[in-house]
Amino acid sequence: MERMDQRPLAERHCVPCERGTPPMPGDRAAALLTDLQGWRIEDVDGHEQLVKTYRVPDFARAVELVNRITPVAEAEGHHPDLLVAWGRVRVQLWTHAAGGLTENDFVLAAKIDRLEM
């Protein structure tokens, strides 16, 4: 049996996925979700996404948050969908190549949560 990585999610790195990579089973996703705060799994357009809305004081700080997320996502080669609005940023993560969630989504979520809000 393959040994699971025991390091905290934020200390791991995203790995490239090729088309056809299977999404992770629901029980594994539910287990990893317990390592994150404020994130939830939503079914969107027939696939699961990891979603969190960050609240900030105003629009300028929402844009600032996106500008802090960008280099983290670039460094990991994994890019979230970001919705910017006055006072909030909605982050949606899923692995397109897998058509659902992979460990990469949870790793990036943990790294985003490490950013100072």
Side-chain angles (χ1 to χ4, degrees):
M1 179 177 201
E2 182 179 322
R3 183 171 176 222
M4 296 296 213
D5 192 335
Q6 297 300 310
R7 292 176 297 161
L9 287 167
E11 293 178 13
R12 301 179 201 177
H13 292 285
C14 295
V15 296
C17 291
E18 294 184 17
R19 188 156 307 282
T21 298
M24 73 172 38
D27 59 337
R28 176 77 175 128
L32 287 176
L33 189 61
T34 65
D35 292 340
L36 302 174
Q37 291 189 337
W39 292 86
R40 64 189 180 284
I41 296 173
E42 291 183 1
D43 189 292
V44 178
D45 296 329
H47 62 270
E48 291 186 329
Q49 293 185 0
L50 192 56
V51 177
K52 182 173 183 176
T53 299
Y54 292 90
R55 302 286 177 188
V56 294
D58 53 38
F59 185 76
R61 295 225 184 125
V63 171
E64 180 183 312
L65 175 56
V66 168
N67 289 336
R68 291 197 337 258
I69 291 171
T70 300
V72 175
E74 281 294 311
E76 292 299 324
H78 194 55
H79 305 97
D81 293 335
L82 302 168
L83 174 63
V84 180
W86 194 97
R88 68 183 186 274
V89 175
R90 179 179 163 98
V91 180
Q92 296 171 228
L93 289 161
W94 64 290
T95 303
H96 294 74
L101 296 174
T102 66
E103 186 172 298
N104 289 345
D105 303 302
F106 293 86
V107 167
L108 187 55
K111 288 178 181 289
I112 291 169
D113 276 347
R114 277 190 160 176
L115 299 172
E116 288 184 28
M117 295 301 153

Engineer: Would you say that Y54 contacts L65 through its side chain, given a criterion of any heavy-atom pair below 4.5 Å between the two side chains?
Structural biologist: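 Yes, their side chains come closer than 4.5 Å.
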Engineer: Could you measure the distance from the CG atom of L108 to the CD1 atom of I112? Nearest 0.5 Å is fine.
Structural biologist: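 Result: 4.0 Å between the selected atoms.
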Engineer: Could you work out, with ring pair (Phe, Tyr, Trp, His ring centres under 6.0 Å) as the rule, every residue matching H96, not counting sequence neighbours?
Structural biologist: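 In terms of ring pair (Phe, Tyr, Trp, His ring centres under 6.0 Å), with neighbours along the sequence ignored, H96 is linked to W94.
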Engineer: Taking salt bridge (Lys or Arg N to Asp or Glu O under 4.0 Å) as the definition, give me every residue that meets it alongside E76, ordered by chain and number, with sequence neighbours left out.
Structural biologist: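 So E76 forms a salt bridge (Lys or Arg N to Asp or Glu O under 4.0 Å) with K111.
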Engineer: Would a hydrophobic clustering, with Ile, Leu, Val, Met, Phe, Trp and Tyr connected at side-chain separations under 4.5 Å, put V51 with I69?
Structural biologist: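 Different clusters.
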Engineer: So L32 and M24, do their side chains get closer than 4.5 Å, heavy atoms only?
Structural biologist: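 They are in contact (side-chain heavy atoms under 4.5 Å apart), so the answer is yes.
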Engineer: If I take atom CG from residue L93 and atom OG1 from residue T102, how far apart are they, to the nearest 0.5 angstrom?
Structural biologist: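 Here the rounded value is 9.5 Å.
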Engineer: Applying the side-chain contact (heavy atoms from CB on, under 4.5 Å) criterion to V107, which one of E11, H13, R12, R7 satisfies it?
Structural biologist: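 By the side-chain contact (heavy atoms from CB on, under 4.5 Å) criterion, V107 pairs with just one of E11, H13, R12, R7: R12.
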Engineer: Assess whether side-chain contact (heavy atoms from CB on, under 4.5 Å) is satisfied between T21 and T95, documenting all intermediate values.
Structural biologist: CA-CA 9 Å; T21 298; T95 303; over 6 Å; no
Engineer: Please check if L83 and L50 belong to a single hydrophobic cluster, counting links between Ile, Leu, Val, Met, Phe, Trp and Tyr side chain heavy atoms closer than 4.5 Å.
Structural biologist: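 No, no single cluster joins them.
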Engineer: Give me each pair satisfying side chain to side chain donor-acceptor pair (under 3.5 Å) with a member in residues 84-93, each pair once, sequence neighbours excluded.
Structural biologist: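 Matches after skipping sequence neighbours: E42-R90, Q49-Q92, R90-Q92.
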Engineer: For A10 and A110, work out which heavy atoms get closest and say how close.
Structural biologist: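 Looking at all heavy atoms of both residues, the shortest contact is N-CB, 3.6 Å.
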Engineer: Same cluster for L101 and V15 if Ile/Leu/Val/Met/Phe/Trp/Tyr side chains link at under 4.5 Å?
Structural biologist: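 Hydrophobic grouping puts L101 apart from V15.
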Engineer: Atom CG in L36, atom CG in D105: separation rounded to 0.5 Å?
Structural biologist: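 That separation rounds to 10.5 Å.
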Engineer: For V91 and L82, run side-chain contact (heavy atoms from CB on, under 4.5 Å): C-alpha distance rounded to whole Å, both residues' side-chain angles, the deciding distance at 0.1 Å, then the answer.
Structural biologist: CA-CA 5 Å; V91 180; L82 302 168; 3.7 Å; yes
Engineer: Is the number of heavy atoms from other residues, nucleotides or ligands within 6.0 Å of CZ (R61) greater than 12?
Structural biologist: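 No, because the 6.0 Å sphere around CZ of R61 holds 12 heavy atoms or fewer from other groups.
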Engineer: Run the side-chain contact (heavy atoms from CB on, under 4.5 Å) test on V66 and V63 for me, step by step, so that the C-alpha distance in whole Å, both residues' side-chain angles and the decisive distance to 0.1 Å come before the verdict.
Structural biologist: CA-CA 5 Å; V66 168; V63 171; 5.6 Å; no
Engineer: Report yes or no: do V84 and V44 belong to one cluster of Ile/Leu/Val/Met/Phe/Trp/Tyr joined by side chain heavy-atom distances under 4.5 Å?
Structural biologist: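 No, it is not one cluster - the side chains of V84 and V44 are not joined through contacts under 4.5 Å.
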Engineer: What closest approach, in Å, do A97 and C17 show between heavy atoms, and which atom pair accounts for it?
Structural biologist: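 Closest approach of A97 to C17, heavy atoms only: CB-O, 3.9 Å.
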